Protein chains: 2
Amino acid sequence: MAIPRAAKTQRRTRIQEEKEERILEAALDVFSQNGFRGATIDQIAEAAGMSKPNLLYYFRTKEAIHRQLIDRVLFTWLEPLRAFDAEGNPESEIRSYIRRKLEMARDFPRESRLFANEVLQGAPHIEDELKGPLKALVDEKAEVIRTWARSGKIAKCDPYHLIFSIWSTTQHYADFDVQVRAVLGQNYAGEGRFEDAARFLEQLFIDGLRARQS
Amino acid sequence: MAIPRAAKTQRRTRIQEEKEERILEAALDVFSQNGFRGATIDQIAEAAGMSKPNLLYYFRTKEAIHRQLIDRVLFTWLEPLRAFDAEGNPESEIRSYIRRKLEMARDFPRESRLFANEVLQGAPHIEDELKGPLKALVDEKAEVIRTWARSGKIAKCDPYHLIFSIWSTTQHYADFDVQVRAVLGQNYAGEGRFEDAARFLEQLFIDGLRARQS
DNA sequence: CGATAATTTGACCGCTTGGTAAAACATTAC
DNA sequence: GTAATGTTTTACCAAGCGGTCAAATTATCG
């Protein structure tokens with residue numbers, strides 16, 4: 001009798017732990033490439049090397065898999081912003097924020113695309129998280145930036161749009177990877193593009209935000 | 001007898017013209033919100049106010065609708081970059097390019113999202129266009145930028161990443177609109193965000209690219 | 001008008017999809 | 001060992017999907 005699925009007992013078995021991980025890993029592949037509606041349970045099951053009903057034994061619905069993935073990603077995705085330190089040196093804080101975000105785009109492109117897919121399609125599953133925790137965190141860091149600007153450490157600028165522009169420029173290398181590769185062409189498209197991007201973006205933001213007297 | 005669908009005669013009737021337009025308009029809504037796989041013909045037909053078989057009388061397959069939409073968008077989407085003038089003043093050229101791209105994000109967000117959806121999911125339908133015409137155009141304009149940099153009119157920088165960063169920052173306001181609204185909150189989220197964005201981005205890029213002696 | 005071509009509809013098909021039921025099989029605890 | 005629990009499989013279903021077909025309807029033109 002196994003009516004209640006894999007969650008009746010509080011303790012998760014070794015098998016549960018391992019299989020759920022495999023499913024999430026496979027689902028990340030599939031969701032990030034096809035979006036929620038475009039992904040099928042069969043695809044995920046095959047990628048995870050198990051049958052569809054077996055997968056559904058661990059996650060009752062497609063949405064359940066997606067939700068858990070999104071929750072994870074959302075958390076780690078904001079890590080770099082959380083690390084933004086009000087006490088640190090503005091220039092080096094911004095510089096290392098850009099660098100960290102770029103590293104994430106390079107090392108976790110699937111996570112970035114999962115998130116992009118979700119937001120692009122109207123964020124039907126995470127509107128609350130965006131309006132709640134995300135907004136709160138951004139508000140907090142925006143205040144830090146505003147303080148820096150007021151004390152003349154960086155140029156006066158709208159902190160929200162500054163954050164948006166760092167998000168968009170860095171995530172571009174994950175979300176629009178195909179386009180970036182197509183434009184740069186074979187010759188250029190080694191992983192070196194991330195270093196070139198880092199150099200360019202650091203120059204742009206640091207020089208663009210350098211405090212001016214005018 | 002109407003065996004060959006709406007294309008046998010070279011001359012397109014008034015009805016054809018009008019219905020096809022209505023279908024494409026509806027399809028833009030649906031595709032841009034759900035991506036290709038996520039969109040259904042029924043949805044598009046309903047949005048266009050006609051029955052599914054009727055829609056399929058004008059476009060034989062779902063892909064045919066999508067392809068035509070993509071072709072259109074791709075063309076108009078590159079218009080601002082094409083307008084980039086080698087003879088013009090670098091600062092004002094860059095400034096107006098940013099402004100135009102932002103206007104497009106504001107006025108044609110569905111087109112932007114259609115494109116983003118496509119690229120995000122690996123650009124299965126437009127890889128050739130990216131590697132061909134798009135790359136060619138970017139290569140050309142990159143050379144212009146490089147010339148400006150060499151002659152000291154703007155700071156030395158990687159022209160490709162400069163273009164990427166303008167694309168990403170401006171399109172962000174269309175593609176990630178939900179997130180932008182969520183973060184800015186009710187108070188801020190009037191259309192004024194585009195003006196704030198324009199101010200910020202112009203400042204960032206102009207100051208970030210101002211020629212330096214160092 | 002009448003004929004011919006263009007358009008629209010309703011019924012339908014085969015396939016894929018998310019999800020279920022129940023029984024077979026494996027593991028663990030005593 | 002054996003009983004209880006946890007896991008996996010096989011067979012299946014109802015709904016949704018892209019698309020077809022033939023008949024019905026409407027527009028066009030001489």
Side-chain angles (χ1 to χ4, degrees), chain A residues 1-24 26-27 29-31 33-70 121 124-125, chain B residues 1-24 26-27 29-31 33-70 121 124-125:
Chain A
M1 188 246 274
I3 297 165
R5 280 181 157 90
K8 185 205 191 158
T9 51
Q10 307 301 47
R11 292 205 43 45
R12 304 194 347 185
T13 70
R14 174 181 42 84
I15 290 183
Q16 269 173 43
E17 198 101 23
E18 185 207 310
K19 290 286 171 77
E20 285 179 14
E21 212 46 52
R22 255 171 58 197
I23 292 170
L24 289 172
D29 261 2
V30 178
F31 279 132
Q33 202 161 52
N34 304 101
F36 181 76
R37 285 213 56 186
T40 74
I41 298 184
D42 293 84
Q43 275 178 305
I44 300 171
E46 199 196 324
M50 65 183 75
S51 68
K52 179 167 65 169
N54 194 6
L55 181 152
L56 286 164
Y57 172 72
Y58 293 101
F59 291 89
R60 281 218 280 277
T61 65
K62 186 175 150 183
E63 295 212 14
I65 312 174
H66 191 254
R67 168 158 295 270
Q68 189 153 334
L69 264 184
I70 287 270
Q121 312 203 347
H125 305 94
Chain B
M1 190 243 279
I3 297 166
R5 280 182 158 91
K8 187 207 194 154
T9 51
Q10 306 302 47
R11 294 211 33 54
R12 301 189 358 180
T13 69
R14 175 181 42 84
I15 291 185
Q16 268 172 45
E17 198 102 23
E18 185 207 310
K19 290 286 170 78
E20 284 178 14
E21 213 45 52
R22 253 170 59 196
I23 291 169
L24 288 171
D29 261 2
V30 177
F31 279 132
Q33 201 160 53
N34 303 100
F36 181 76
R37 286 213 54 186
T40 74
I41 298 184
D42 293 86
Q43 276 178 303
I44 299 172
E46 199 196 326
M50 63 184 74
S51 68
K52 179 166 62 169
N54 195 6
L55 181 152
L56 286 165
Y57 173 72
Y58 293 102
F59 291 88
R60 281 219 281 279
T61 64
K62 185 174 148 184
E63 294 213 16
I65 312 175
H66 190 254
R67 169 158 295 269
Q68 188 152 335
L69 265 183
I70 287 270
Q121 312 204 347
H125 305 94

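In what follows, chains carry the letters A, B, and so on, assigned in the order in which the sequence lines appear, proteins first and then strands, with residues in each chain numbered from 1. Please read all numbers here as calculations on a predicted model, not as lab measurements.
- Each of dG18(C), dT7(C), dT20(D) was ranked by its minimum atom distance to the side chain of Leu56(B); first place goes to dT20(D).
- The distance from the OH atom of Tyr57(A) to the CE atom of Met50(A) is 12.0 Å, given to the nearest 0.5 Å.
- The separation between Glu20(B) atom CD and dT7(C) atom P is 9 Å, rounded to whole Å.
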Using side-chain contact (heavy atoms from CB on, under 4.5 Å), reason through Thr40(A) and Lys52(A) one step at a time and then give a plain yes or no. CA-CA 10 Å; Thr40(A) 74; Lys52(A) 179 167 65 169; over 6 Å; no
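- In this entry the distance linking CG of Asn54(A) with C1' of dA11(D) reads 16 Å, nearest Å.
- If you check every strand for non-hydrogen atoms under 4.0 Å, Ala39(B) touches sugar and phosphate atoms only.
- Taking atom NZ on Lys62(A) and atom P on dG16(D), their separation rounds to 14 Å, with Å as the unit.
- Gln16(A) places its CD atom 10 Å from the P atom of dT8(D), with the value rounded to the nearest Å.
- Considering only side-chain N and O atoms, Arg37(B) lies nowhere under 4.0 angstrom from the phosphate OP1 or OP2 of dG16(D).
- Lys62(B) places a side-chain N or O within 3.5 Å of a backbone atom of Phe36(B) that can act as its donor or acceptor partner.
- Atom CD1 in Ile41(A) sits about 14 Å away from atom C1' in dA15(D), given to the nearest Å.
- Remark: Tyr57(A) is in phosphate contact with dT7(D), judged by side-chain N or O atoms under 4.0 Å from OP1 or OP2.
- Ile65(B) places none of its side-chain heavy atoms less than 4.5 Å from the side chain of Tyr58(B).
- Phosphate proximity of dT9(C) to Ser51(B): present, with a side-chain N or O under 4.0 Å from OP1 or OP2.
- Atom CD in Glu46(A) sits about 14 Å away from atom P in dG18(C), given to the nearest Å.
- Listed pair Tyr58(A) / dG6(D) fails the phosphate criterion, with no side-chain N or O lying under 4.0 Å from OP1 or OP2.
- If you measure from atom CD1 of Ile23(B) to atom P of dT7(C), you get 11 Å, rounded to the nearest angstrom.
- The nucleotide whose nearest atom lies closest to any side-chain atom of Asp42(B) is, among dG10(C), dT8(D), dC17(D), dC17(D).
- Leu55(A) places its CG atom 14 Å from the P atom of dT17(C), with the value rounded to the nearest Å.
- Among the nucleotides dA11(D), dC17(D), dT17(C), the one closest to the side chain of Thr40(A) is dT17(C).
- Contact annotation: the side chain of Leu24(A) approaches that of Phe59(A) to within less than 4.5 Å [non-hydrogen atoms, C-beta and beyond].
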